[in-house]
Amino acid sequence: MEKEYCLGWHLVYDALRDYYYSFGESVQKEFNHFYDPLHFFAPDSLTVGIPLSVGVCVSTGKCHVVMARHIYEQLADFIHQKIPQVPEFQLESLTPAEYEIIDRFEAFTPNILSKGHQRAKKKTKQLTRIRQAHEEAALAKRLVNSSNYVFVSIDIEAYEKDHSILLEIGWSMYDASTNTCMDQHYINDQYRHLLNGQFVEDQKERFNYGTSVWCSLKQALIELRKDLDWAVKRDGGFVLVGHGLDSDLKYLAEQNFLWPGRHGGDVASIEDSAKVTILNTDTIYGASINDLHNPPSLGRTLALFHIDTWNLHNAGNDAHYTLLLLLKLVHDNCDI
């Protein structure tokens, strides 16, 4: 992308407005008339078709509608022609910034200008999400390398025809201090008769990393809480890991699951819990390719790293593979 020193549309407008407004009510009216869209974009106006750009500020990473130096010099000259009774605005009071230009356009109508601002706003949001994703990836690497915490991945498999029915829960705990992984898989014995298979594979009896336990969902959640309490007692907190974790957290909330609190006791919200942070492997993968749009599934992401998978959609296996993916994303030497 080309780089160019520019001024943001709003920066120029605000500076001109403040300057001309200081000369009293009559000048204010003339300034407002100049910038009135009906006049600014009139077919016979000096300003119709003003050349603008959508650019990303190199120093701040924010995106704006901007104008090149010769354009805002002309704009200041045009407004002076319309309001000649006051001294011309001195552009030296404004400091242009370096922008990466991503789109150029000519504003012939207010709608075109509005769409430019919308593109800039959308791009700013995208860049902010990418920056935050890179920060999360860097945090993940620091936490894994610090060898101070247990990383807990939780996965829940619901009945495909009624998501209020939870068939399995699995979790995997990577102890960074010993480079070992502990896996658990529980199957809800209340729904032995319910099988997935129409929309998602039924793999509940194909746990790769230990022995599955048939029991009530309530008992399974008690065991999950015991493991979290152990991590908190030893390290002061735990790192929660997931690939598309929102649905699993929702399922736990619907079961009134209580997390270990930051200061002891029970809390209903993961945000108030003793978690150190939440790491999303789908977000961290998106950071690695600078694209957070439509992140691939867990299985697809593992395949992109040439990691063979066996019996996905088993809650215990998916939890284990999620931790394996995290370690692969932060460094290549992973063996759990």
Using a distance-only test with no angle check, is there a side-chain donor-acceptor pair under 3.5 angstrom linking Q28 and N32?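 Checked: Q28/N32 side chains show no N/O donor-acceptor pair below 3.5 Å.
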### Task
Could you note down all residue pairs passing ring pair (Phe, Tyr, Trp, His ring centres under 6.0 Å) where residues 213-239 supplies at least one of them, sequence neighbours left out?
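Residue pairs with at least one partner in residues 213-239: there are none.
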_Just to verify, what does R262 make a side chain to side chain contact (heavy atoms under 4.5 Å, CB included) with, not counting sequence neighbours?_
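R262 satisfies side chain to side chain contact (heavy atoms under 4.5 Å, CB included) with no residue once adjacent residues are dropped.
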Notebook entry, point to check: So which of N280, T281, D318, D282 actually passes side chain to side chain donor-acceptor pair (under 3.5 Å) with H243?
Noted result: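 Only match with H243 under side chain to side chain donor-acceptor pair (under 3.5 Å): T281.
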**Q.** Sub-6.0 Å ring centroid separation between Y13 and F31
**A.**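 Aromatic pair counts; centres sit under 6.0 Å.
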Would you call the rings of [X] and [Y] parallel, tilted or perpendicular, where under 30° means parallel and over 60° means perpendicular?
X: Y251; Y: H163; result: perpendicular
X: Y35; Y: W9; result: perpendicular
X: H193; Y: Y191; result: tilted
X: Y20; Y: F23; result: tilted

**Q.** Co-membership, hydrophobic cluster, residues W259 and Y186, 4.5 Å side-chain
**A.**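 In one cluster with W259: Y186, yes.
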message = Looking at K226 and D229, is there a salt bridge between them, counting it only when a charged N and a carboxylate O are closer than 4.0 Å?
response = no
Passing candidate, side chain to side chain contact (heavy atoms under 4.5 Å, CB included) with L240, options I278, T277, D248, L279: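 For L240, the side chain to side chain contact (heavy atoms under 4.5 Å, CB included) test succeeds with only one of I278, T277, D248, L279, which is I278.
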Problem - Aromatic F105 / basic R119 pairing, under 6.0 angstrom, 45° off normal - result: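 Yes - R119 lies over the ring of F105, closer than 6.0 Å to its centre and within 45° of its axis.
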Side-chain heavy atoms of S45 within contact of F34, under 4.5 Å: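 A side-chain contact under 4.5 Å is absent here.
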Next item on the list: Taking the side chain as every heavy atom from C-beta outward, state whether L75 and V12 have any pair of such atoms under 4.5 Å apart.
Entry: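 Yes, side chains in contact.
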List, one per line, each side-chain donor-acceptor pair under 3.5 Å for residues 59-66, sequence neighbours excluded.
residue: T60; atom: OG1; partner: K62; partner atom: N; Å: 3.2
residue: H64; atom: ND1; partner: Y99; partner atom: OH; Å: 3.1

Could you check whether any side-chain N or O of Q90 sits under 3.5 Å from a backbone N or O of E88, counting only pairs where one atom can act as donor and the other as acceptor? yes
